[in-house]
Amino acid sequence: MGVGVSIFFLTLGAILRFAIEPDVFGESVHMDIIGLIFMIVGGIGVVLSIVLAPRRGHTSENRLMHRENNPPEV
């Protein structure tokens, strides 16, 4: 999960937690709890993206290509 997706989950969670009344969909669905879960998942995603980002940058492979300029025989 990238930083953009994590911020999306944080934003969606904040909207569900603070902007929507908890009983919009009835008493069986608790939108404030679902919003809190989205905010936690988004926060964990942001932290993991920031912590793991430097490790991704140091992985590189050096490849040696060898080409011969001999044309194929006909």
Quiz: residues 9-17 side-chain donor-acceptor pairs under 3.5 angstrom, not counting sequence neighbours:
unit_1: Thr11; atom_1: OG1; unit_2: Ile7; atom_2: O; d: 2.8
unit_1: Arg17; atom_1: NH1; unit_2: Asp32; atom_2: O; d: 3.3

- If you look at every heavy atom in Gly2 and Ser49, which pair is closest and at what distance? C-OG, 3.6 Å

- Query: How far apart are the closest heavy atoms of Gly45 and Ser6, and which atoms are they?
  - Reply: C-OG, 3.2 Å

- What distance separates Ile37 CD1 from His30 NE2, expressed to the nearest 0.5 Å? 11.0 Å

